[in-house]
Peer 1: 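Please read through the structure below; I'll follow up with questions.
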Amino acid sequence: MARKPSSRSGSTPRRRPPARAASARSRGGAGKGRSQSLVDRLIPQLGQNSSKNSNKKSGKKSAAKPAAKPRKAPVKRTAAGAARKSASGRATSRRASTRRRPQRPGLPGWVRRAGGIAFRVGFVGFGCFILSLAAIYYYSRDLPPLSALDHLQRPAQITLVDVRGEFLTRYGQLHGEPVMVDGLPPHVVQAFLATEDRNFYHHWGVNPVAIIRALIVNLREGSVRQGGSTITQQFAKNVFLTPDRTIKRKMQEMLLALQLEMTYSKDEILAFYLNNVYFGAGTWGISAASERYFEKKPDDLTVGEAAMLAGLLKAPSRYSPSASPDAARARAGVVLAAMVDAGYLKPEDAETITSQRIATVSRRRNPAPYATDYAMAALNEIMPQLKHDIIIHTTIDLEAHKRAQAAIETLTERDTRVAADVQVAMVALESDGAVSLLIGGKDYAGSEYNRATHALRQPGSAFKPFVYLAALEDGRRPDDIILDTPVELSDWAPSNYNDKYYGAVPMAEALARSLNAAAIRLQEETGRDEVVAVARRLGFPGDIDPGAALALGVNEATPLDLAATYLPFANHGVTAQPYIITSIYTESGKVLYARETRPGRYVVAEDDLIALNHMLRQTIADGSGKAAALPGYVAMGKTGTTQESRDAWFAGHAAGVTGVVWLGRDDYTPMRDGWAPVSGSGAPALLWKDMMIAVLDDRPDLPYTPWQPQPFLPSIFDQFRGLFSRNDMPADPAVPYDASYEMTAPPPADRPLPRAQVSMDDLVADVLEEEAAASTLPQGDELGAFLNGQLAEPAAAGPGPESGTGG
């Protein structure tokens with residue numbers, strides 16, 4: 001029997017494994033070899049341990065024998081046995097390789113990439129979440145509590161009444177029950193939602209879509225064109241925060257909006273908003289706005305009126321229905337279009353409303369808006385913070401304001417030289433400083449700028465009384481002679497109007513005619529420092545420049561300042577500070593403020609004041625201010641006109657009331673639109689007369705102390721000297737008065753000006769020479785009689801409508 005070949009024989013041919021098993025073994029073996037060689041090369045011990053552990057997990061028996069067993073003595077093996085052992089080991093290895101579980105195929109590449117992106121996004125999102133929590137904690141540390149809404153106070157209501165207790169105006173929110181959303185007509189709510197926050201009922205206080213949209217628009221336009229705040233955010237900002245545009249304020253606004261949405265209902269938040277938003281003209285809340293602009297309650301508003309109120313919120317001053325009705329209607333048209341776009345209004349209804357001019361604004365206006373604005377500014381100094389509704393008793397004369405405003409409206413018809421764009425300012429002060437009348441412009445609706453209190457303008461010849469008062473304090477008298485001839489200081493030579501000069505004239509006549517050359521010469525004889533001291537003592541504001549043109553009124557002042565400076569002329573030489581508020585009460589009658597009487601300063605001696613008022617009276621009686629004469633009153637005043645008629649003034653007093661009127665353009669352009677320039681003796685004098693008649697209101701005149709002139713008797717020596725003097729510029733009493741004048745530019749500031757030296761002897765000689773040359777005068781030598789104080793005015797041709805040579 002043939003012997004079966006042994007499997008241990010090394011010559012036995014090997015069985016060829018299947019192709020799949022071979023390829024798997026080839027891949028597994030190659031990978032394993034590379035892995036083991038790398039591990040063995042880096043960490044040998046780790047490679048050995050990992051190999052043992054993998055064998056244990058797979059359940060395979062280790063080829064190595066346990067080291068603990070005692071090894072037997074080596075047995076001598078034959079070559080055949082060794083070959084059989086080797087063949088057996090290889091077969092076992094092949095069987096183990098074929099029995100190994102095949103590896104799962106790897107994930108697709110796009111899955112692995114998506115997983116990486118998701119991991120990174122999640123990591124960044126988690127970081128942003130942590131940063132958001134930190135930001136919320138940081139910005140919420142000083143948030144005001146929402147419990148403040150329970151004690152929310154509306155802005156204090158301020159009611160102003162005039163000197164007789166008549167109602168003037170009211171600032172602040174009107175009283176009454178706050179509106180509720182369910183009590184308003186739907187179109188009122190829809191008008192605000194369409195223009196402010198269409199998704200109000202669909203977001204949770206912050207609208208990310210609106211924020212992103214506004215950000216894109218603003219970036220595209222390069223400026224802030226659109227806002228992304230919701231109604232809730234706007235309410236949070238108006239009630240709890242400041243309007244500062246900072247990141248902190250915006251973050252706190254969003255946090256407060258979220259809290260409000262979690263605490264209150266949508267209707268409650270909308271009601272809070274409508275009751276506290278600002279609608280312009282000192283009105284807060286929809287109740288005050290509907291009453292102010294339309295004289296009705298919010299539940300009676302029409303669609304057009306609601307659209308006009310909703311349009312106000314973007315810019316209350318710009319779109320004010322009372323101040324800018326056309327702009328308000330244009331903005332209301334935008335709101336109506338938004339209501340159509342939101343589906344709240346039909347297009348044909350919007351067209352009908354627009355064709356009917358949308359809404360009619362109430363014409364009820366504040367009769368003294370400039371005066372009440374001045375009173376509100378004074379209130380801010382007296383009581384900066386208000387906690388109660390108050391009633392302010394003012395010194396304003398309501399009836400006088402109405403009559404003065406009517407005179408302003410008819411001024412252009414009475415004086416064709418006054419153009420429509422010429423502005424007006426008027427001030428009237430009582431002897432103790434109480435402001436009876438204050439008008440800062442032609443039309444408050446057209447311009448709220450208060451020129452009576454803020455416009456610094458040159459007073460022109462209205463400054464000359466301070467020059468003459470300084471001369472009176474220096475010993476001069478109204479009948480003292482002053483020379484009105486061309487005067488030159490260094491390279492500067494001021495001139496009279498049309499270069500008309502009057503020679504030797506009394507001081508009273510020089511002031512009445514407003515002669516520039518005479519005033520400059522008197523200024524130089526008296527001393528500029530003395531003139532500046534007098535003006536400052538009487539209260540002329542600012543730093544007074546003691547230049548050569550000082551007497552011509554080049555230093556600026558407001559109409560109110562000039563009135564306060566003239567006030568001692570009407571108050572026995574005593575100053576008084578202007579005031580407009582006498583007392584402040586609560587609605588229950590509690591006195592919060594009562595003005596205390598403040599004694600003024602005695603700044604003008606009685607004799608000098610009588611002499612100056614005598615000259616100011618002659619200015620109105622026979623000089624440049626004839627148009628300002630008041631029937632039944634002794635009036636004193638002075639005209640003023642600056643270079644090229646840029647400013648025209650009249651300032652004076654009667655019966656204890658001091659008044660100032662100014663005319664001019666805001667851009668300082670000359671008033672030369674008519675057949676002649678506007679001067680102080682024209683329209684300002686007419687308005688001053690109307691204003692004073694309205695303020696005095698038939699009150700009795702005050703006693704007047706006339707100035708008593710002393711006869712002028714020159715000595716024989718003076719007469720002898722006069723025989724040897726000649727005057728090449730004889731006085732011409734036949735020259736008519738002319739109130740306008742051209743003020744030449746002052747000399748450069750870097751050139752010193754010598755003081756003019758004109759002795760009294762030379763003046764007397766000039767007078768005697770004039771008397772000797774008076775052969776052409778009427779019989780009786782009226783000029784000499786006038787110079788001696790025996791006549792008020794020499795016989796002359798009748799003065800024209802504008803008497804005087806200076807403004």
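Predicted model, so just to flag it, every value in this text is computed and none were measured. No hydrogens, no waters, no symmetry mates; every other heavy atom, side chains included, goes into these values.
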Peer 1: Write out all pairs satisfying salt bridge (charged side-chain N to carboxylate O under 4.0 Å, His left out) with one or both partners inside residues 339-356, taking only residues at least two apart or from two chains.
Peer 2: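 For residues 339-356: Arg198-Asp341.
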
Peer 1: With no hydrogens and no angle check, do the side chains of Ser265 and Asp267 hold a donor and an acceptor under 3.5 Å apart?
Peer 2: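 The criterion, which ignores hydrogens and geometry beyond distance, is not satisfied for Asp267 and Ser265.
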
Peer 1: Minimum heavy-atom separation for Thr394 to Ala375, with atom names?
Peer 2: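 That closest heavy-atom pairing would be CG2-CB, 4.4 Å.
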
Peer 1: Can you tell me how far apart CD1 (Ile584) and NZ (Lys590) are? Round to the nearest 0.5 Å.
Peer 2: 13.0 Å

Peer 1: Testing Asn450, Asp373, Asn366 for side chain to side chain donor-acceptor pair (under 3.5 Å) with Tyr444, which one passes?
Peer 2: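 Going through the options one by one, the only one that passes is Asp373.
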
Peer 1: Ring-plane angle category for Phe192 and Phe279, please: parallel below 30°, perpendicular beyond 60°, tilted otherwise.
Peer 2: perpendicular

Peer 1: Looking at Arg451 and Gly440, would you say the former's side chain and the latter's main chain have a donor-acceptor pair under 3.5 Å?
Peer 2: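 The answer is yes, because a donor-acceptor pair under 3.5 Å joins these two groups.
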
Peer 1: Applying side chain to side chain contact (heavy atoms under 4.5 Å, CB included), run through Glu430 and Thr395 and close with a yes or a no.
Peer 2: CA-CA 9 Å; Glu430 298 291 338; Thr395 60; over 6 Å; no

Peer 1: How far apart are the closest heavy atoms of His187 and Leu301, and which atoms are they?
Peer 2: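 Minimum heavy-atom contact is NE2-O, 2.8 Å.
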
Peer 1: Give the minimum heavy-atom separation between Ala371 and Ile580, together with the two atoms involved.
Peer 2: O-CD1, 3.4 Å

Peer 1: Hey, does the side chain of Thr582 reach the backbone of His393 with a donor-acceptor pair shorter than 3.5 angstrom?
Peer 2: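 Flag set: sc Thr582 to bb His393 pair under 3.5 Å.
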
Peer 1: Report yes if some heavy atom in the side chain of Arg665 is under 4.5 Å from a heavy atom in the side chain of Val422; otherwise report no.
Peer 2: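 Yes, at least one pair of side-chain atoms sits under 4.5 Å.
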
Peer 1: So, applying side-chain contact (heavy atoms from CB on, under 4.5 Å) with Leu437, which one of Val695, Leu429, Val657 is it?
Peer 2: Val695

Peer 1: Do the numbers put Arg595 on top of the ring of Tyr579, so that NZ or CZ is under 6.0 Å from the six-membered ring centre and no more than 45° off the axis?
Peer 2: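 Yes.
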
Peer 1: For Glu166 and Lys402: C-alpha separation, side-chain torsions, deciding distance, then whether salt bridge (charged side-chain N to carboxylate O under 4.0 Å, His left out) applies.
Peer 2: CA-CA 13 Å; Glu166 297 291 334; Lys402 292 179 179 179; over 6 Å; no

Peer 1: Run the salt-bridge test on Asp432 and Arg598 with the 4.0 Å N-O cut-off and return the result as yes or no.
Peer 2: no

Peer 1: Between the main-chain N or O of Ser317 and the side-chain N or O of Ser320, is there a donor-acceptor pair closer than 3.5 Å?
Peer 2: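 It does not hold such a pair.
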
Peer 1: First locate atom CD of Glu381, then atom CG of Leu379, and finally report the distance between them rounded to the nearest 0.5 Å.
Peer 2: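 It comes to 10.0 Å.
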
Peer 1: With Lys266 as the cation and Phe200 as the aromatic partner, state whether NZ or CZ is under 6.0 Å from the six-membered ring centre and within 45° of the axis.
Peer 2: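 Yes, Lys266 lies over the aromatic ring of Phe200.
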
Peer 1: Between Asp690 and Arg403, does at least one N-O distance fall below 4.0 Å, as a salt bridge requires?
Peer 2: no

Peer 1: Would you give the length of the straight line joining atom CG of Asp397 to atom CG of Leu438, rounded to the nearest 0.5 angstrom?
Peer 2: 13.0 Å

Peer 1: Going through the checks in order, is the side chain to side chain contact (heavy atoms under 4.5 Å, CB included) test met by Met308 and Val361?
Peer 2: CA-CA 10 Å; Met308 190 169 288; Val361 182; 4.1 Å; yes

Peer 1: Could you tell me if the side chain of Leu411 sits less than 4.5 Å from the side chain of Leu663, heavy atoms only?
Peer 2: yes

Peer 1: Check Ala455 against Pro559 and note the closest heavy-atom contact, atom names and distance.
Peer 2: O-CD, 3.7 Å

Peer 1: Take Leu274 and Leu184 through the test side chain to side chain contact (heavy atoms under 4.5 Å, CB included) and record every step on the way to the result.
Peer 2: CA-CA 11 Å; Leu274 294 177; Leu184 293 173; 3.8 Å; yes

Peer 1: Run the side chain to side chain contact (heavy atoms under 4.5 Å, CB included) check on Leu160 and Ile396 step by step: do they pass?
Peer 2: CA-CA 10 Å; Leu160 290 90; Ile396 300 172; 5.6 Å; no

Peer 1: Do Val181 and Val189 make a side-chain contact, defined as non-hydrogen atoms from C-beta onward lying under 4.5 Å apart?
Peer 2: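 Val181 vs Val189: side chains touch.
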
Peer 1: Atom CZ of residue position Arg357 - does it have more than 12 heavy atoms of other residues, nucleotides or ligands inside 6.0 Å?
Peer 2: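 No, the 6.0 Å shell around CZ holds no more than 12 heavy atoms from other groups.
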
Peer 1: Treating Thr410 as the side-chain partner and Glu413 as the backbone partner, does any N or O pair qualify as donor plus acceptor under 3.5 Å?
Peer 2: no

Peer 1: Can you tell me how far OG1 of Thr586 sits from CG of Leu592, rounded to the nearest 0.5 angstrom?
Peer 2: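 Atom-to-atom, Leu592:CG and Thr586:OG1 are 5.5 Å apart.
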
Peer 1: Ignoring hydrogens, what is the shortest heavy-atom contact between Met691 and Val660? Give both atom names and the distance.
Peer 2: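 Of all heavy-atom pairs spanning Met691 and Val660, the closest is CE-N, 3.9 Å.
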
Peer 1: Which residue pairs pass the salt bridge (charged side-chain N to carboxylate O under 4.0 Å, His left out) test with at least one member in residues 315-330, sequence neighbours excluded?
Peer 2: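 Of all non-adjacent pairs touching residues 315-330, none passes salt bridge (charged side-chain N to carboxylate O under 4.0 Å, His left out).
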
Peer 1: Backbone N or O of Lys442 within a donor-acceptor pair of the Gln423 side chain at under 3.5 Å?
Peer 2: yes

Peer 1: Hey, are Asp162 and His401 close enough side-chain-wise for a donor-acceptor pair under 3.5 Å?
Peer 2: no

Peer 1: Please tell me if the side chains of Thr558 and Leu456 come closer than 4.5 Å, counting only heavy atoms from C-beta onward.
Peer 2: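 Side chain of Thr558 against side chain of Leu456, heavy atoms only: contact under 4.5 Å found.
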
Peer 1: Between Thr232 and Glu261, is there a side-chain donor-acceptor contact under 3.5 Å, judged purely by atom types and distance?
Peer 2: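 Per modelled atom types, Glu261 and Thr232 side chains form a pair under 3.5 Å.
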
Peer 1: How far does CD1 of Ile286 sit from NZ of Lys297, to the nearest 0.5 angstrom?
Peer 2: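 Separation between the atoms: 14.0 Å.
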
Peer 1: Just verifying a value: how many Å separate Leu193 CG and Tyr344 OH, rounded to the nearest 0.5 Å?
Peer 2: 5.0 Å

Peer 1: Side chains of Tyr374 and Leu560: does their closest heavy-atom pair fall under 4.5 Å?
Peer 2: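 They are in side-chain contact.
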
Peer 1: Please, which pairs that meet salt bridge (charged side-chain N to carboxylate O under 4.0 Å, His left out) have at least one residue in residues 301-311, sequence neighbours excluded?
Peer 2: Lys296-Glu305

Peer 1: Going by heavy atoms in the side chains, are Leu309 and Val188 under 4.5 Å from each other?
Peer 2: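 A side-chain contact is absent here, since even the closest heavy-atom pair is not under 4.5 Å.
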
Peer 1: Indicate the atoms forming the closest heavy-atom contact of Val179 with Ala271, along with that distance.
Peer 2: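 Here Val179 and Ala271 meet closest at O-CB, 3.9 Å.
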
Peer 1: Does Asp300 reach the side chain of Phe294, with side-chain heavy atoms less than 4.5 Å apart?
Peer 2: no

Peer 1: Within the structure provided, determine whether Pro321 and Leu312 are in side-chain contact (heavy-atom separation under 4.5 Å).
Peer 2: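 Yes. Closest side-chain heavy atoms under 4.5 Å.
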
Peer 1: Backbone N or O of Ile231 within a donor-acceptor pair of the Asp197 side chain at under 3.5 Å?
Peer 2: yes

